[in-house]
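Below is one structure, written out as structure tokens; comments come after it.
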Amino acid sequence: MANFSEQLNQANSSIDELYSLLQNEFAALTDQDLNRFQEVQPIKLALLNNIKQFDQHKTRFISEASNPNQTEVSIEKLLSDEQKIAWSHFLSQLKACDELHRKIDQYLSQKIKTTNAILEILQVNKSHSATQLYDEFGTSKLSTIGNKISEA
């Protein structure tokens, strides 16, 4: 049990650091600081690996601490009061990390979509591309400019 407490504390430390790192990663993206974004990637992978290893420890803890006759045991029933607090913190931070990761993913997806749209517009052989960009984003309708570009 004490060993699991240590592992849970290490996992909490990793998940807290991951959350902070994800915030830094999102800030780097919004600031368009590619170097800072790339610097956090190896650290993020190491933290994710630590959390993955904790999951293996958790599975082993459940199997060792539970009754072999029980089919499925909730980990909360096996934890001390102090461990329950740490476990609750871990789960809430894990959820916060998931939400922040989804926010980063959505931001990157939107950037990729926008970049692809701009690249399509910059293709010289497509006269209608300027009209498509402004129609999609609702900024302006430049069909007359698109026609003038194709005539030139």
Side-chain angles (χ1 to χ4, degrees), residues 1-126 128-140 142:
M1 277 268 211
N3 191 23
F4 182 74
S5 291
E6 291 172 15
Q7 293 165 348
L8 182 56
N9 288 336
Q10 288 173 352
N12 271 328
S13 186
S14 292
I15 200 79
D16 290 341
E17 192 175 341
L18 179 64
Y19 183 75
S20 176
L21 193 78
L22 288 171
Q23 288 177 317
N24 190 17
E25 182 181 50
F26 186 73
L29 286 171
T30 57
D31 295 343
Q32 297 184 10
D33 186 347
L34 186 58
N35 289 332
R36 190 171 66 172
F37 175 77
Q38 289 177 331
E39 288 171 0
V40 301
Q41 299 312 306
I43 302 166
K44 182 172 74 170
L45 291 175
L47 290 170
L48 289 170
N49 190 40
N50 290 346
I51 294 166
K52 181 180 177 183
Q53 288 176 350
F54 170 70
D55 188 56
Q56 294 168 349
H57 292 301
K58 177 195 67 126
T59 303
R60 190 174 331 117
F61 170 76
I62 291 172
S63 67
E64 290 173 359
S66 63
N67 185 345
N69 296 332
Q70 293 177 320
T71 55
E72 202 171 309
V73 177
S74 171
I75 190 170
E76 288 85 2
K77 293 179 181 177
L78 303 173
L79 299 176
S80 67
D81 290 340
E82 186 178 310
Q83 289 172 330
K84 286 178 184 177
I85 293 168
W87 177 248
S88 177
H89 174 77
F90 178 79
L91 291 179
S92 66
Q93 281 294 86
L94 190 62
K95 182 178 179 182
C97 286
D98 180 57
E99 291 170 358
L100 191 49
H101 187 262
R102 288 177 192 273
K103 182 178 176 181
I104 291 168
D105 184 53
Q106 186 177 23
Y107 182 85
L108 286 172
S109 295
Q110 185 60 44
K111 282 289 188 185
I112 290 169
K113 183 179 175 184
T114 302
T115 302
N116 287 336
I118 291 170
L119 288 173
E120 187 175 324
I121 286 171
L122 294 175
Q123 292 178 358
V124 179
N125 296 332
K126 293 189 176 184
H128 66 284
S129 59
T131 308
Q132 285 180 338
L133 174 72
Y134 288 99
D135 286 349
E136 268 187 53
F137 295 108
T139 306
S140 176
L142 298 176

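Note that the structure is a prediction, hence the values are computed from the model and not measured.
Atom CD1 of Ile75 and atom CG of Leu91 lie 8.5 Å apart (nearest 0.5 Å). Distance check, rounded to the nearest 0.5 Å: OG1 of Thr114 to CG of Leu119 gives 11.0 Å. The distance from the CD1 atom of Ile51 to the OG atom of Ser13 is 10.0 Å, given to the nearest 0.5 Å. In this structure, Lys58 NZ and Ser63 OG are separated by 11.0 Å, a value rounded to the nearest 0.5 Å. Separation of atoms NZ (Lys103) and CG (Asp105) is listed at 13.5 Å; rounding is to 0.5 Å. Note that CG of Leu8 is 11.0 Å distant from CD1 of Ile85, once rounded to the nearest 0.5 Å.
Here the side chains of Asn49 and Gln53 are in contact, with some heavy-atom distance below 4.5 Å. Looking at Asn3 and Glu6, their side chains come closer than 4.5 Å, going by heavy atoms from C-beta outward.
Each of Glu17, Glu25, Glu39 was checked for a salt bridge (charged side-chain N to carboxylate O under 4.0 Å, His left out) with Lys44, and the lone residue meeting it is Glu25.
Donor-acceptor pairing under 3.5 Å is recorded for the side chains of Glu76 and Ser74.
Residues forming a side-chain hydrogen bond (donor to acceptor under 3.5 Å, both in side chains) with Gln93 (at least two apart in sequence, or on another chain): Asp16.
Taking every heavy atom of both residues into account, Phe54 and Ala11 meet most closely at CG-CB, 3.4 Å. When all heavy atoms of Ala65 and Leu78 are compared, the pair lying nearest together is O-CD2, 3.8 Å. Here the closest non-hydrogen pair linking Asn12 and Ala86 is ND2-O, 3.0 Å. Here the closest non-hydrogen pair linking Ile15 and Leu94 is CD1-CD1, 3.6 Å. The heavy-atom pair separating Ile104 from Leu22 by the smallest distance is CD1-O, 3.5 Å.
Taking the six-membered ring for Trp and thresholds of 30 and 60 degrees, Phe61 and Phe4 have nearly parallel ring planes, at less than 30 degrees apart.
Judged by distance alone, with hydrogens and angles left aside, the side-chain atoms of Gln41 form a donor-acceptor pair with the main-chain N or O of Phe37 at under 3.5 Å. The main-chain N or O of Ser20 is never found under 3.5 Å from a side-chain atom of Asn24 such that the two would form a donor-acceptor pair. No donor-acceptor pair under 3.5 Å is formed between the side chain of Ser88 and the backbone N or O of Lys84. At distances below 3.5 Å, at least one donor-acceptor pair connects side-chain atoms of Thr115 with backbone N or O atoms of Lys111.
Here Lys95 does not pair with Asp98 in a salt bridge; the nearest charged N to carboxylate O distance is not below 4.0 Å.
No more than 12 heavy-atom neighbours from other residues, nucleotides or ligands sit within 6.0 angstrom of NZ on Lys77.
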